Each structure stands twice: as structure tokens, then as C-alpha cells.
Amino acid sequence: MDKLKSFLEKHFGHTAFKEGQREIIEAVIHGEDVFAMLATGSGKSLCYQLPALWKKGTAVIVSPLLSLMENQVQELKQNGIRQVAAYNSFLRPQEKEHILRHLADYKIVYISPESLQHPEFASRLEKLDVSLLAVDEAHCISQWGHEFRTDYLRIKEIRRLAGNPPCIALTATASADAKEDIIEKLELTNPLIHCDSVDRANIYIDVRKKKNEEEKRETLREECSRLPLPGMIYVNSRLKAEELAAFIREENGLKTSAYHGGMSNEDRRLVQQQFLSDEIDIICCTNAFGMGINKPNIRFVIHYHYSKDMESFMQEIGRAGRDGRQSLSLVLHDAADGMLPRRMLEHEFPSGEEIRMVSQDPDRPESTTSRFLMEKYGVEEVHARFLQFYIHKWQQTARTQTLEDFISSVVQRRMEWKLQKLNQKEYWLHQTGSCRRTALLKVFDEHNKNTVTPCCDVCGEYTMHVEHQRKMQEPELSWEERLKWILHQ
DNA sequence: CGAAGCCGTGTTAGCACGGCTTCGGTGCACTAAT
């Protein structure tokens with residue numbers, strides 16, 4: 001008899017494993033490290049949830065967003081799995097204390113990389129039997145860890161502290177570079193590597209060069225009146241998100257909302273919910289929108305501004321057509337578009353002046369907090385965290401280099417790396433000589449089997465039969481069906 | 001880089017203009033005041 005299968009049925013109600021799941025789960029149970037790139041909808045969470053319940057001890061799951069943790073905890077509790085908690089800043093001090101005190105009683109604890117660093121949490125881990133450490137949405141390690149959320153690069157230290165439990169990294173999209181980076185930053189040893197294809201055959205890839213913003217808007221208006229709905233539009237500033245949402249509302253009379261990080265939590269939650277339940281036709285957003293969104297029927301993703309690298313692009317277009325039906329990725333670009341991403345790239349790092357000021361101050365204490373750096377030198381929060389992280393890292397070296405040189409060389413190296421990624425993306429946009437899908441897949445170390453039709457604007461023009469599809473859309477759901485659908489979300 | 005917003009000026013009372021500065025994305029957690 002198959003113990004694992006009956007365990008699956010008993011706790012999760014599934015009668016069979018999906019492609020790839022079993023191999024990963026068995027590896028984790030046997031204490032191996034795993035790197036798994038699984039297509040959305042192929043049951044990523046189960047790969048750590050099942051081993052967490054199977055093994056004795058507590059599983060620690062690192063998750064990038066509080067909302068994602070909340071969803072997971074809720075879902076598990078609905079499945080009758082109750083020894084689950086999310087440890088984060090939503091909690092009141094008493095609740096935090098309660099979780100810490102009873103940590104060993106939980107089977108699964110969700111946590112952000114930041115909270116993982118809290119001394120009160122980390123010190124408990126030392127004494128705890130940690131069954132496994134899972135990093136969900138592991139591409140965040142290489143996408144955010146180096147500058148924006150440096151605590152992502154500190155996970156390995158906590159892992160050592162917890163007695164080196166088996167570690168599993170999970171993501172839906174990681175380029176070949178990112179995969180190497182993740183394995184290195186988590187110190188995975190001889191990991192089992194499982195990679196699904198990232199190719200999405202039902203997404204037609206279209207890139208169009210425009211003269212200026214006016215032409216972009218004109219195209220946007222046309223496409224929004226023709227394309228089947230719902231759809232998404234990505235832009236790179238909050239203001240533009242609001243502006244274009246208003247533009248489409250007026251010009252096309254479609255239900256359109258903006259979504260970006262500057263909106264209140266309630267507004268974001270509301271817009272997201274409305275979009276998920278088809279009350280909004282088009283969402284006009286910055287890169288704040290997307291992670292953890294699993295909406296099956298998104299028919300198009302338009303990039304009004306292009307994303308800063310190929311992997312972000314793949315993640316963004318991958319939100320279209322999850323139901324398998326024909327969908328579209330359309331990029332509109334003009335000559336002025338390269339400016340802003342370059343400015344933003346520079347702004348990501350502290351200035352040479354700031355680096356000098358901080359590294360040459362004789363009164364700077366050995367153990368510096370980011371708060372101290374903000375208050376004493378007036379650097380902004382993200383830069384302060386960046387500086388704090390690399391000061392700490394420098395202190396662990398033999399200090400053959402001055403601190404200033406050390407940090408400056410990190411900045412230079414990272415900036416060049418990111419610029420190269422941006423250039424790669426722009427090269428992809430401007431070239432019209434070879435298949436876009438082939439070039440896109442190459443970033444993920446995949447070969448294009450050249451079987452996809454319609455493929456891309458280089459391989460052959462294609463127009464979605466739009467008016468037809470709009471009429472063909474599913475009939476209005478009854479309120480009972482809608483309620484069922486919402487609850488299911 | 002380039003758009004938006006702010007400031008002082010200059011001529012004359014409400015506004016136009018040039019020059020200057022600022023800002024542009026992603027989220028965690030925490031603080032201090034209620």
C-alpha cells in the first residue's frame with residue numbers, strides 16, 4: 001500500500017499527485033535540499049505542506065507578502081489543518097508572545113524574511129526541532145535580496161542557527177542566473193532540481209515600436225476597444241497608472257481601476273477583489289500588482305512601459321491565459337522609455353557621497369542598525385538597510401579593503417549587472433530578425449520547439465478574433481455561482 | 001532625462017514667466033500619538 005498517497009488523501013483530499021510533486025516531496029522527506037520551479041496551478045504549496053505534516057517538528061515557511069501568508073493560513077485551516085500560524089507585524093504583542101512560547105506545537109509557521117531576523121524568533125529556532133525550511137516565491141531572493149530587501153540574503157544564517165534543516169526553494173519563474181543565485185544564497189547542497197517549462201504556448205507575443213506617447217495612447221485606445229476582456233496594463237509610475245485608468249474609462253467606457261503601492265490597503269484589497277470577480281475590465285498597475293494573483297481568464301497583458309529585465313517580463317505576461325485559452329502579450333515602446341528605468345536603477349543605491357560619509361565616520365559604532373544610519377546621516381530607509389547589510393558583510397571579511405571601497409565595488413558590480421539585464425531586455429525589444437519566444441526562452445535555458453502558432457510578431461502577424469470572442473464570453477453567473485466562486489478564492 | 005511643482009520677480013492686484021528643485025517602483029517592520 002502507498003502510505004504517501006493515503007496521507008495525501010487524508011490531509012489534503014487529493015487522490016493523486018500532480019506531475020513532479022511526488023519526487024519533490026519524497027526528497028524533502030528524506031532530508032534533501034530542493035530547488036523547484038513549478039508552473040502556477042501545479043500545486044507548489046503541497047510540496048512543503050505535505051512533508052511539514054509528515055515529519056516531526058515544525059516547518060518554517062518564508063513568504064514575501066503578508067497577504068500571501070494570510071491566504072495560506074486560511075486555506076490550511078479550511079482544510080482542517082489547525083497547527084498553523086503566521087508570525088508578523090499584524091499580530092499584537094500578546095499574540096506574538098503566545099506563538100513564540102508554543103512554537104513547537106505548530107506544524108507550519110509562516111514568516112517574512114525580516115521577522116525571521118528578530119532575535120526573539122531566531123533564538124527560539126535554535127532550540128526548536130525545525131523539520132524543514134521552505135522559501136516560497138524564491139525568485140525574490142535574487143530579485144529583491146541584493147538591494148531592496150536584504151534580509152532575503154540572511155536566510156542562510158538563520159538556517160545554520162536552526163541546525164541546517166533541509167531547505168526547499170519554490171518559484172514559478174526563475175531565469176538560469178536567478179536559479180544559480182538562489183542555490184548559492186540559500187547554500188543548498190546537492191539539491192534535487194526540478195524545473196517545469198516556463199513556456200506559455202497560448203500567449204501570443206507582440207512588440208510594437210511607437211513614435212511617442214501620443215501614438216502609444218492611440219494604440220491603447222484601439223486595442224482596448226477590440227481585445228477580449230479582462231486585461232492588465234503595466235506602467236512604471238503611480239501617476240501614470242491613475243492617468244491611464246482615467247483615460248480608458250473615458251475613451252473606452254470600460255470599467256478600469258488603477259492599482260499601485262501608494263494606495264491604501266483597503267483600496268488595494270477592494271480593487272484586487274473586484275478584478276478577481278470580473279467586476280473590473282482592466283486593471284492599470286505598477287509592478288505592485290501580481291504576486292499571488294491567480295486569475296484564470298486574463299486575456300491580455302499590455303506593457304505601456306517595459307519591465308526592467310526578462311524575468312520580470314516573463315512573470316508579468318505569465319498572468320495571462322492561465323485557463324489555457326488564447327491570450328496576448330503586447331509591449332508598446334518608444335525612444336524615451338529607456339530613461340526612467342536607468343534613473344530608477346541609480347536611485348536604488350546610496351550615492352557615493354553617502355557611502356563616503358557613512359564609511360569614514362570614526363564615531364560610527366561597530367554594530368550599526370539601519371535606524372541609526374537613517375537618523376545620523378539622513379539616508380533613506382532602503383539605502384540605510386542596504387548600507388547596514390554590507391557594513392556587516394564587510395566586518396566578516398579580512399578587511400583588506402577599506403569599507404568605502406568594499407561598498408562602492410558592490411554598488412558598481414550590481415549596477416553593471418542590472419544595467420546589463422536592462423540592455424538584454426531592450427535588445428530583445430528592438431531586434432526583429434528572430435523569434436521572440438525563442439529568445440525569451442533562452443533566458444531560462446530552454447529551447448523553443450517551434451511548434452507554437454500563433455507565436456509572435458516576428459514569426460507572423462496575428463489578430464485575435466476579438467469582437468467574436470467578446471460576444472462569446474461566458475454568460476452572467478447567478479449570485480449563487482458567484483458566491484461559490486468568491487468563497488472558493 | 002523630463003515633467004511637475006514651487007518660488008520669487010516684475011509689473012501693477014491676478015497672473016505670466018523663468019529658474020530652481022524634486023521625483024520617479026517593489027514591502028517589511030516600527031514608532032509615537034491616540
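Model, not experiment: these values are computed from the prediction. Lettering follows sequence order; numbering is per chain, from 1.
Geometrically, Lys96(A) engages Tyr87(A) in a cation-pi contact, judged by NZ or CZ lying under 6.0 Å from the ring centre and within 45° of the ring axis. In this structure, Lys425(A) forms a cation-pi arrangement with Phe313(A), its terminal cationic atom sitting closer than 6.0 Å to the ring centre and no more than 45° off the ring axis. Taking the ring centre of Phe349(A) as origin, the terminal cationic atom of Arg414(A) falls outside the region bounded by 6.0 Å and 45° from the ring axis.
Distance noted for atom C1' between dG14(B) and dG10(B): 13 Å (whole Å). Using atom C1' as the reference point in both dG27(B) and dC7(B), the two lie 35 Å apart (nearest Å). Comparing dA13(B) with dT9(B), their C1' atoms are spaced 15 Å from each other, to the whole Å. dG18(B) and dT11(B): their P atoms are spaced 14 Å apart (whole Å). Only the P atoms considered, dT12(B) is 50 Å distant from dT34(B), to the nearest whole Å. For dA29(B) and dG24(B), the C1' atoms lie 24 Å apart once the distance is rounded to whole Å.
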Query raised in the report: Can you give one letter per nucleotide of nucleotides 25-34 of chain B, 5' to 3': B if a protein heavy atom sits under 4.0 Å from the base, S if only from the sugar-phosphate, - if neither?
Result: BBBBSS----
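Between Glu243(A) atom CD and dG24(B) atom P there is a gap of 15 Å when expressed in whole angstrom units.
Base pairing of dT11(B) is not made with any nucleotide, judged by Watson-Crick or G-U wobble geometry with both donor-acceptor distances under 3.5 Å. Look at dA3(B): its Watson-Crick or wobble partner, with both distances under 3.5 angstrom, is dT22(B). Nucleotide dT31(B): unpaired (no Watson-Crick or G-U wobble partner with both distances less than 3.5 Å).
A salt bridge does not link Glu380(A) with Arg385(A): every distance from a Lys NZ or Arg NE/NH1/NH2 to an Asp or Glu carboxylate oxygen is 4.0 Å or more.
In this structure, His102(A) and His98(A) have tilted ring planes: the angle between them lies in the 30° to 60° band.
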Report task. Just do the ring-ring contact (aromatic ring centres under 6.0 Å, His included) check on His333(A) and His305(A) with the steps written out, would you? Result -> CA-CA 7 Å; His333(A) 66 104; His305(A) 294 128; over 10 Å; no
